[in-house]
Amino acid sequence: MSIRLTILTALVLGAPCAFAQDYPTRPITLLVPFAAGGPTDIVARSIAASMTKTLKQPMIVENAVGAGGTIAPTKLKSSAPDGYTLLIAHIGMSTAPALYRSLPFNPVTDFEHVGQVVDVPMTLLGKSTLPPSNLKDLIAYLKANKEKISFANAGVGAASHLCGLMFMSAIQTDLLTIPYKGTAPAMNDLLGGQVDILCDQTTQTTPYIKSGKVKAYGVTSTTRVESLQDLPTLAESGLPNFSVVVWHGIYAPKGTPKPVLDKLVAALQAGIQDPAFAHKMSDLGSQVVAKEKATPEGLRNHLQAEINRWTPIIKKAGVYAE
Ligand code: ASP
């Protein structure tokens with residue numbers, strides 16, 4: 001091998017290392033599977049603002065919406081593994097494998113896992129003019145009016161879809177579901193009275209519940225939410241064992257270099273401990289995860305545990321999307 005070739009080979013082999021050391025040198029795109037202004041988008045923009053403080057580069061949110069949140073992970077799968085395209089996704093990563101007959105990605109094996117971010121309970125809401133004012137009356141009302149009721153969600157694979165599935169199964173009543181590209185547009189239609197009910201994360205619903213613009217029938221966690229203390233859990237109001245908590249994780253394309261991943265994990269760790277992020281999340285009824293969950297192993301283990309939890313429930317419900 002000539003000396004020139006040896007130097008060239010050394011430069012090429014050394015390139016990823018130098019690249020990783022300098023990372024990031026330009027803005028990072030953070031893919032969000034749902035519409036701007038909705039709950040996942042709110043978490044995304046909040047954690048991005050905090051991670052930017054460590055990474056010293058802007059994190060720009062791109063809403064890659066549609067197909068119940070499966071478009072954005074599909075896009076991530078074909079993105080360059082260079083740390084400049086990331087994804088924040090929620091519980092849907094663990095339900096999509098059972099819900100979709102042909103899912104273009106495997107959430108466990110097709111990505112690098114950066115870490116978990118925050119856990120968010122959901123709330124069951126009705127439009128402000130819906131007559132019932134508690135869960136017991138709502139269930140009776142839905143059963144009596146099931147042909148007239150519309151139940152909004154963000155598509156098959158969304159948390160709102162999962163919550164709706166659990167709720168309709170718990171009350172043994174099928175309702176007409178209306179899919180949106182996120183729960184931000186679904187909430188707009190609930191406020192406008194075009195749809196009747198919606199199950200959605202507290203990250204979006206808290207201000208509307210507090211201002212009385214919607215009727216709230218309960219939270220989906222097994223314990224009450226501190227910032228919405230007056231709102232009972234669905235479990236305590238007559239649907240024992242009802243439990244859906246939406247968790248979020250950050251993903252990178254498979255093959256992202258370890259030094260880049262390490263920098264992202266460090267920025268995530270700093271982000272979840274940033275008081276600005278933590279306060280905003282707790283005001284919105286959410287729980288920032290413990291440090292050990294904001295790691296690749298923390299996300300991987302939780303993702304696998306959630307796939308194991310939801311797959312039999314979804315199979316039993318017999319719901320599929322193509
Ligand atoms: N809350 C939505 C869901 O149902 C997603 C969103 O718009 O953030 O999954």
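Residues: numbered from 1 along the sequence shown. Atoms within a ligand are numbered from 1 in the order they appear, just like the ligands themselves.
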Legend entry - Atoms in ligand 1 with a heavy atom of Ser160 nearer than 4.0 Å: 3 (C), 4 (O), 9 (O)
Inset, instruction - Verify the ring-centre separation between Tyr84 and Tyr23: is it less than 6.0 angstrom? - result: yes
Legend entry - Contact partition for Gln201 relative to ligand 1, non-hydrogen atoms under 4.0 Å: side chain
Legend entry - Polar contact flag for His90 and ligand 1 (N/O pairs, less than 3.5 Å): yes
Inset, instruction - May I ask you to decide whether Lys53 forms a salt bridge with Asp274, counting only side-chain N to carboxylate O separations under 4.0 Å? - result: yes
Legend entry - Sidechain N-carboxylate O distance under 4.0 Å for Lys254, Asp110: no
Inset, instruction - Return yes or no for this condition: an N or O of Ala35 is under 3.5 Å from an N or O of ligand 1. - result: no
Inset, instruction - Would you mind checking which non-hydrogen protein atom is closest to atom 2 (C) of ligand 1, with the distance to 0.1 Å? - result: Thr183 OG1, 3.2 Å
Inset, instruction - Can you sort out which atoms of ligand 1 are near Gly182, meaning under 4.0 Å from one of its heavy atoms? - result: 7 (O)
Legend entry - Closest approach of any protein heavy atom to atom 8 (O) of ligand 1, naming residue and atom: Thr40 OG1, 2.6 Å
Inset, instruction - Report the part of Asn153 (side chain from C-beta onward, or backbone N, CA, C, O) that has a heavy atom under 4.0 Å from ligand 1; answer both or neither where that applies. - result: neither
Inset, instruction - Verify whether one side chain among Thr183 and Ser160 offers a donor that lies under 3.5 Å from an acceptor in the other. - result: no
Inset, instruction - Taking the side chain as every heavy atom from C-beta outward, state whether Cys163 and Phe242 have any atom pair closer than 4.5 Å. - result: yes
Legend entry - Minimum heavy-atom distance between Phe277 and Val43, given as atom pair plus value: CE1-O, 4.3 Å
